[in-house]
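Lettering follows sequence order; numbering is per chain, from 1.
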Protein chains: 2
Amino acid sequence: MKTAVFVKAGQMAIETIEKPSVIEVDDAIIRVVRACVCGSDLWSYRGDDDKATHSANSGHEIIGIVEEVGSAINTVKKGDFVIAPFTHGCGHCAACRAGFEGGCQGHDRSTNFSSGYQAEYVRYAHADWSLVKIPGQPSDYSEGMIASLLALADVMPTGYHAARVANVQKGDTVAVVGDGAVGLCAVIAAKMLGAKRIIIMSRHKDRQELALEFGATDIVEERGEEGVAKVLELTNGDGVDAALECVGTQLSTETALAIARPGAATGRVGVPHTKDINLSDYFFQNAIIAGGPASVTTYDKSVLLKAVLDGEINPGKVFTQSYSLDDIDQAYKDMQERKTIKSMVVVSK
Amino acid sequence: MKTAVFVKAGQMAIETIEKPSVIEVDDAIIRVVRACVCGSDLWSYRGDDDKATHSANSGHEIIGIVEEVGSAINTVKKGDFVIAPFTHGCGHCAACRAGFEGGCQGHDRSTNFSSGYQAEYVRYAHADWSLVKIPGQPSDYSEGMIASLLALADVMPTGYHAARVANVQKGDTVAVVGDGAVGLCAVIAAKMLGAKRIIIMSRHKDRQELALEFGATDIVEERGEEGVAKVLELTNGDGVDAALECVGTQLSTETALAIARPGAATGRVGVPHTKDINLSDYFFQNAIIAGGPASVTTYDKSVLLKAVLDGEINPGKVFTQSYSLDDIDQAYKDMQERKTIKSMVVVSK
């Protein structure tokens, strides 16, 4: 079967490898219908990750059809259409029970996250509780709905996580730092949770337009200190009730912390590429710093799948270009060059 | 009048200065009945604060009688018995409305916190919303109740803040890092909020006993990595649902973060004396880092004053020695040497 591999900075390629098969009793083999490229995949593609190794970061978001299951799998069966969350919660440990399956304590932590899912088939570990069944088959859905279902494997739950851990409440003024697919989904999430005002920090017209469609009320194009000043100006000097940090850089993290009013939480979901931060600096403003890998299964099963199926939210709109698996390098390149907000990879029907 | 001043590391002294008078319209002059020494006062006394200047950190916790008020004060009048919170919230800004008056945005932030309150009289700024009226007069209360009322100026609300921002819920397993007066009050707070199991990290017999009396269920004497291992062992490897950091050192902060299960919050209220922390390290465990100066007025008015007056809680037990104002150096010295958990200063009747 075909699989994408990271060769070196700026170069993805397709290799042919053996089709995976069930190894552990809680494995599921999934035929991939759609995969995609994540902003976090681009860190190594850009060359920002010094230690990125061959085949690192080649995708972790898919929807597909269950091909085969191990003997311990009871929740899905061959032929089921599923969302494969990038997190692999066991559903039973203290972390999972508390709704934080990204930190699952039920198995070796090195198997908590997906990797290498831009492929024709994947072996999905710890599948029983984690996989999210979608009613029907791919052919039952429009291409737009397929895109929104794909968004439920990572990017929409990740935006939702930012809003949840930042404790967004009805009537709040919220700022979203970052206009990538996660930032745009964070706008959707803030609106779902009742935010009255949603400020997005964005410098790209196509993303600004989608943000407004998703519910943003204000756009701040400035960055750094100027961006902070602008958000403070928009909020009468108060700062925001919740800051959603959807990038992961030092600048975006410091910006989010600086625009949060005393006692407000910053929900960070961008994989951090930050230097050290002196927590003492944020003590006197009672800063709350929260976040990490999203609780994908929990959110999909409780809220997000229904919202997508009901047409209440359309996170699939973040996919503005589609590619075949053979064109994986182009899918990375275009996303890196901001020619698409997020690249969808059509693997099978 | 007499006032305590910090002379140099290891030496407090009494000086005679002019009695303060109303300067701003929202000032109140308070005759001090009881003052005390805070763990944060000891940083400079120990010589840990390189930049500590003459008269720094000479107290910020008192109860007393209102002597005079400015023209903008409507909530208290001459003769009222009051708790003087170390925070000075305006009650009207975004931070105060959100319940975080320690970050009050309503006035110059340099006037947000009390200083120099080990004295016969104090000028209490921004008094109108901030002061907390106690029914009756000091003579109406037992010495034990007076001690508990004094604890409401800082130490009890600070322990309560740790538990609140760490989101302690009914049934939780909670760890308190630190057995100073704040840590002991955090035990009281965790119990008030319904924690089922309260682990205190403490190495001193007198404090262990008081912690057990206040509601602690487990004591961990080990520190550092051994302490972390012990807490994990006590929780079947899960970690705790909430970690209350009541010291402020690098070791105590890292310990609190290490014993929190994925998704659990660390509520930190010890004035931080920490080096930089790499937030990336805590991303994959979905750590929540919260805390800062306590919301003293908010907690006293909503919950704590009633709990003290009803005899439901007895935080005043942390005061294990009393001193006259003239003996201020001894009050610091004995607390520094752990001969008393917290030193009370009897200023007037």
Inset, instruction - Give a yes or no on whether the backbone of A:Gly292 and the side-chain of B:Asn286 come within a donor-acceptor separation of less than 3.5 Å. - result: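 Yes; judged by distance alone, with no hydrogens or angles, the pair exists.
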Of all of [options], which one pairs up most often with chain B through heavy atoms under 4.5 Å apart?
options	result
A:Ser295, A:Ala264, A:Gly291, A:Gly103	A:Gly291
A:Gly263, A:Ala265, A:Ala290	A:Gly263
A:Asp238, A:Ile277, A:Thr235, A:Asn278	A:Ile277
A:Asn112, A:Asp281, A:Val269	A:Val269
A:Gly237, A:Ala95, A:Gly102	A:Ala95

### Message
Need one label for B:Arg268: side chain, backbone, both or neither, based on atoms under 4.5 Å from any heavy atom in chain A.
### Response
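Both backbone and side chain.
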Quick check: are there more than 12 heavy atoms from other residues, nucleotides or ligands sitting under 6.0 Å from [atom1] of [X]?
X	atom1	value
B:Arg197	CZ	yes
B:Glu225	CD	no
B:Arg261	CZ	yes

Which of the residues B:Ala287, B:Ser280, B:Ala94 is involved in the greatest number of heavy-atom pairs with chain A at under 4.5 angstrom?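 Top count of heavy-atom pairs under 4.5 Å with chain A: B:Ser280.
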Tell me, out of B:Gly239, B:Pro293, B:Ala294, B:Cys104, who's got the most heavy-atom pairs with chain A below 4.5 Å.
->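 The residue among B:Gly239, B:Pro293, B:Ala294, B:Cys104 with the greatest pair count is B:Pro293.
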**Item:** Side chain to side chain, A:Leu279 and B:Leu279, heavy atoms closer than 4.5 Å
**Value:**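 In short, these two side chains touch, coming nearer than 4.5 Å.
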Do B:Pro262 and A:Arg109 have side-chain heavy atoms sitting under 4.5 Å apart?
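Counting from C-beta outward, B:Pro262 and A:Arg109 do come under 4.5 Å.
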Between B:Ile288 and A:Ile289, is the side-chain contact (heavy atoms from CB on, under 4.5 Å) condition met? List the steps.
CA-CA 6 Å; B:Ile288 300 171; A:Ile289 303 170; over 6 Å; no
Could you tell me which non-hydrogen atom of B:Phe283 sits nearest to which non-hydrogen atom of A:Gly270, and how far apart they are?
->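 In terms of heavy atoms, the two residues are closest at CE1-O, 3.6 Å.
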